[in-house]
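Read through the structure below, which is laid out as structure tokens, and then see the notes.
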Amino acid sequence: MSKRDRFKSVPMPKQPPHERIRNFNEVALGYTEEQALMEAERCLQCAEPQCVKGCPVEIDIPAFIKLLREGKFREAIMKIKEKNSLPAVCGRVCPQEDQCQKDCVLGKKGDPVQIGRLERFLADWEREHGVELPEKKPYTGKRVAVIGSGPAGLTLAGDLAKLGHEVVVFEALHEPGGVLMYGIPEFRLPKSIVQAEIEYIKKLGITIKTDTLIGRLYTIPELLNEEGFDAVFIGTGAGPPIFMGIPGENLSGIYSANEFLIRVNLMRSYLFPKWDTPIKVGDKVAVIGAGNVAMDAARCSLRLGAKEVHIVYRRSRAEMPARKEEIENAEEEGVLFDILTLPVAYYGDEKGWVRKIECIKMQLSEPDETGRRRPVPIPGSNFMMDIDTVIVAIGRRPNPLIQQTTPGLKVNEDGTIVVDENMRTSIEGVYAGGDIVTGEATVISAMGAGRKAAKSIHEYLMKRKK
Amino acid sequence: MYKIIEKRELAPGIKLIKVLAPEIAKKAKAGQFVILRVDKTGERIPLTLADWDQKEGTITLVFLEVGVSTKKLGRLNKDDVILNLLGPLGNPTEVKDYGSVCVVGGGVGIAAAYPIARALKEAGNKIVSIIGARSANLLIFEDEMKEYSDEIYISTDDGTKGYKGFVSDLLKDLLVKGYKFDMVYAVGPALMMRAVADVTRPYKIKTIVSLNPIMVDGMGMCGACRVIVGGKTRFTCVDGPEFDAHEVDFTELVRRQRAFIEEEKKALEIFERGELL
Ligand SMILES: Cc1cc2nc3c(=O)[nH]c(=O)nc-3n(C[C@H](O)[C@H](O)[C@H](O)COP(=O)(O)OP(=O)(O)OC[C@H]3O[C@@H](n4cnc5c(N)ncnc54)[C@H](O)[C@@H]3O)c2cc1C
Ligand SMILES: Cc1cc2nc3c(=O)[nH]c(=O)nc-3n(C[C@H](O)[C@H](O)[C@H](O)COP(=O)(O)OP(=O)(O)OC[C@H]3O[C@@H](n4cnc5c(N)ncnc54)[C@H](O)[C@@H]3O)c2cc1C
Ligand code: SF4
Ligand code: FES
């Protein structure tokens, strides 16, 4: 081991690109025990660890790596779980390169410690070796309603159940998990892993009611005043897809990324006709946008048989918001990148199916007062692209139903819910967190918000005389 | 899991089921719909609430068997269960006393028009209803509609019952004869709703239609149900399903309804051969 170059990380085995674009199985295969130990060995156990500062939930990273190194896998995963309730998920989907791994001292001269891969290794180890249920506090007699079963809602539900409260999670869709279930594809986050995390939280004694749209079936005032809940947490996340509003955008064959990914992931369209929900992907696909959602849509398209998939993005490569690893994966799989390109119109055939996009080339302006270089169109640079499927992945707005049906709930102009530093909304006993508060963000920040809100709700419930 | 407690065939290919769903029954209002999934591999399909009973805790759905999902649903019997049921969805009908309202129902849409007619009648309106089907044996909900109509007119495409022609032709006849309506409600196939809109436009009668585009989630998250109304893109499941008929781009609605037609046909063939069960 000591012969290894300390500045080089242990690579993680992956399915080779030519194979993986023909299946929906997980791309990254995870470290073996030997590989994990080797990678853990690289950590310098810094006295002032920069990695912890970069972690949104401040996991004691050197401590868990030390335990891993000593072969104490159970203790190591428990160390992570002190702060992170969804390590198998976060180990797979967190943007570590912008968080914990960003300022790892080893990164200055070489590769940072692959903290995410180690986290994933431990979480997978635990799942295979049996998860230990934590102790539960005695029943407090308090009831909490949680709206939405994404990472924010699930984390909060688990935390409050451990503290002895009765928790009911209401989820509108037919499967719990939020984006983890309906958005992020199987090949990046296997649904069996999400389901295992949910089973674990259920074992803590919480009830999940699917097929329940709050705002329509019950409003928040009804939950508090008629259904006997002492507090409510809103974790409804982002939903309505944003379209560009350009001509031809409603042609058939133009999907929002949300529609496309819901069909593929939640409805398992890739198994059509064995599963009933259809999807149609042509030979040439254009995905508009370059975030995680766009990469996921592009890579799903390949797996559904597209011959050519383009990411069409109006800025340059450096500004792409997707995780670096996912951009690399997409590129390896053959996704093409049309940068500095903006769609301006779509044209269809006689059946109303999209056939062409008109685009305009862009250039980056001089940095403005915020230092950001804006993309501006180059006059006369319009050109046509033949395509037969478009996926629009330029963002989503906060789900609006709760805001519309809860009198007195303070909402920002962009539709997100206003909370204070303790995740309290403008209504007593009502809390919120996750994408519904921040706008589209990350799994770990939603989880962190759930954690914080759980603490705050617990204090509120214990202070309150019923 | 939601249990079917009653099942009837109303006409060839048109079935009625009563489903135990007390929470939905308690909140249901005219004009709203549900989304259901028959089984684990099922599609999410929207169906309008044709009736509900708070005391009994049931909702009633009436559907035409057109493809795999509705045929699967049609094969279920009393005491079988539906795996998922989400509702009530969509904005309820704006019920108030408009004066004289004409309620037009076409095909299976008559069942969806029924709660609207009832609510409007109970709000004090005079109800003239026009119901129609391709042929006499396909006409459903005649008695139910009669109960809440001051006058009722019937049409069939082939003339086997009532007026020979479309409901929109019959409506036009009434208008030519001098009938005055303060409002027209139309529920049925997209082309029928368009025809009604075309009839009422020159008379400047406010006309509301209940649209039926393809849906997936039914809660505003996917945009599959987007339609153009008054030049703007709207999501039918959350902004509708009822819209001003004179503002709707029906050409696009019909086009988008047919987006997956080849896949649906293929799936249906496989299903009918019994290979999907
Ligand atoms: C395709 C895609 C890929 C992504 N990739 C990554 C990634 O790699 N890394 C990363 O960190 N982040 C990623 N994200 C972002 C991340 O998934 C989200 O930030 C996170 O899931 C937000 O969690 P949440 O709990 O706030 O809400 P969500 O996960 O959005 O869950 C909200 C839940 O609430 C339900 N709901 C909404 N309204 C109601 C209502 N009225 N009643 C009942 N239920 C309701 C919804 O159905 C949903 O299940 C990705 C997002 C998408 C869409
Ligand atoms: C708000 C709303 C209320 C409706 N109410 C009723 C009702 O009360 N009774 C009734 O018989 N039908 C109703 N429909 C239509 C019904 O949902 C479709 O007939 C059904 O989904 C068809 O599914 P299928 O698999 O049997 O047929 P498919 O083979 O999938 O399709 C046959 C046709 O049905 C339409 N369709 C397919 N999938 C969907 C979908 N997910 N959503 C909507 N339309 C689709 C398409 O136009 C297609 O051409 C309603 C639709 C909407 C949007
Ligand atoms: S910064 Fe890097 S080397 Fe230092 S403790 Fe954290 S992971 Fe280990
Ligand atoms: S059905 Fe998805 S937004 Fe309406």
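Each chain gets a letter, A, B and so on, in the order the sequences are listed, and its residues count up from 1.
Residues A:Asp211 and B:Leu83 share a closest heavy-atom pair of OD2-O, 4.3 Å. In terms of heavy-atom proximity, B:Ala259 sits nearest to A:Trp353 at O-CZ3, 3.5 Å. Nearest heavy atom pair, residue A:Pro241 against residue B:Gly223, reads CG-N, 4.2 Å. For B:Arg255 against A:Ser252, the heavy-atom pair with the smallest separation is O-OG, 3.8 Å. Considering every non-hydrogen atom in both A:Leu217 and B:Pro88, the closest pair reads CD1-CD, 3.8 Å.
A tilted orientation is assigned to the rings of A:Tyr255 and B:Phe260, their planes being inclined by 30° to 60°.
The choice from B:Lys27, B:Glu43, B:Arg226 that makes the most heavy-atom pairs within less than 4.5 Å of chain A is B:Arg226. Put simply, of A:Thr210, A:Val392, A:Ile254, the one with the most heavy-atom pairs under 4.5 Å next to chain B is A:Ile254. Per-residue counts of heavy-atom pairs under 4.5 Å with chain A were compared for B:Lys26, B:Arg44, B:Met219, B:Gln32; the largest is that of B:Arg44. For chain B, the option among A:Met267, A:Arg397, A:Arg268 with the highest count of heavy-atom pairs below 4.5 Å is A:Met267.
Residue B:Lys71 places its NZ atom among more than 12 non-hydrogen atoms of other residues, nucleotides or ligands, all under 6.0 Å distant. Heavy-atom contacts from other residues, nucleotides or ligands closer than 6.0 Å to CZ of B:Arg201 number more than 12. With a 6.0 Å radius and a threshold of 12 heavy atoms from other residues, nucleotides or ligands, B:Glu94 has its CD atom at or below the threshold. For B:Phe166, the CZ atom counts as loosely surrounded, since its 6.0 Å shell holds 12 or fewer non-hydrogen atoms of other residues, nucleotides or ligands.
Using a cutoff of 4.0 Å between basic side-chain nitrogens and carboxylate oxygens, B:Glu262 and A:Lys280 are scored as salt-bridged. One finds no salt bridge joining A:Glu175 and B:Arg37 here, because no Lys/Arg side-chain nitrogen approaches an Asp/Glu carboxylate oxygen to under 4.0 Å.
Heavy atoms of A:Asn250 lying under 4.5 Å from chain B belong to its backbone as well as its side chain. Proximity to chain B (any heavy atom under 4.5 Å) is shown, for A:Leu261, by neither the backbone nor the side chain. With a 4.5 Å cut-off on non-hydrogen atoms, A:Gln404 does not touch chain B at all. Neither the backbone nor the side chain of B:Lys232 comes within contact range of chain A; no heavy atom of the residue lies under 4.5 Å from a heavy atom of that chain. Using a 4.5 Å cut-off between heavy atoms, A:Ala257 makes no contact with chain B at all. Neither the backbone nor the side chain of A:Phe260 comes within less than 4.5 Å of any heavy atom of chain B. Only the side chain of A:Arg263 has a heavy atom closer than 4.5 Å to any heavy atom of chain B. Of the two parts of B:Ile214, only the side chain, counted from C-beta on, holds a non-hydrogen atom closer than 4.5 Å to a non-hydrogen atom of chain A.
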Between B:Leu86 and A:Leu213, does the side chain to side chain contact (heavy atoms under 4.5 Å, CB included) criterion hold? Intermediate values first, please.
CA-CA 7 Å; B:Leu86 170 70; A:Leu213 184 62; 3.9 Å; yes
Using the rule given for side chain to side chain contact (heavy atoms under 4.5 Å, CB included), can you reason through A:Leu173 versus B:Met221, listing the C-alpha separation, both sets of side-chain angles and the distance that settles it, and then say yes or no?
CA-CA 11 Å; A:Leu173 294 172; B:Met221 301 218 302; 4.1 Å; yes
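Contact annotation: the side chain of B:Asp217 never approaches that of A:His174 to less than 4.5 Å [non-hydrogen atoms, C-beta and beyond]. The shortest distance between side-chain heavy atoms of A:Asp276 and B:Lys72 falls below 4.5 Å. Side-chain contact between B:Glu23 and A:Thr212 is absent, with no heavy atoms from C-beta onward closer than 4.5 Å. Inter-residue side-chain proximity for B:Thr41 and A:Lys274 is flagged as unmet; no heavy-atom pair is nearer than 4.5 Å.
Atom CG of A:Leu251 and atom CD of B:Glu252 lie 7.5 Å apart (nearest 0.5 Å). Rounded to the nearest 0.5 Å, atoms CZ (A:Arg216) and CD1 (B:Ile24) are 13.0 Å apart.
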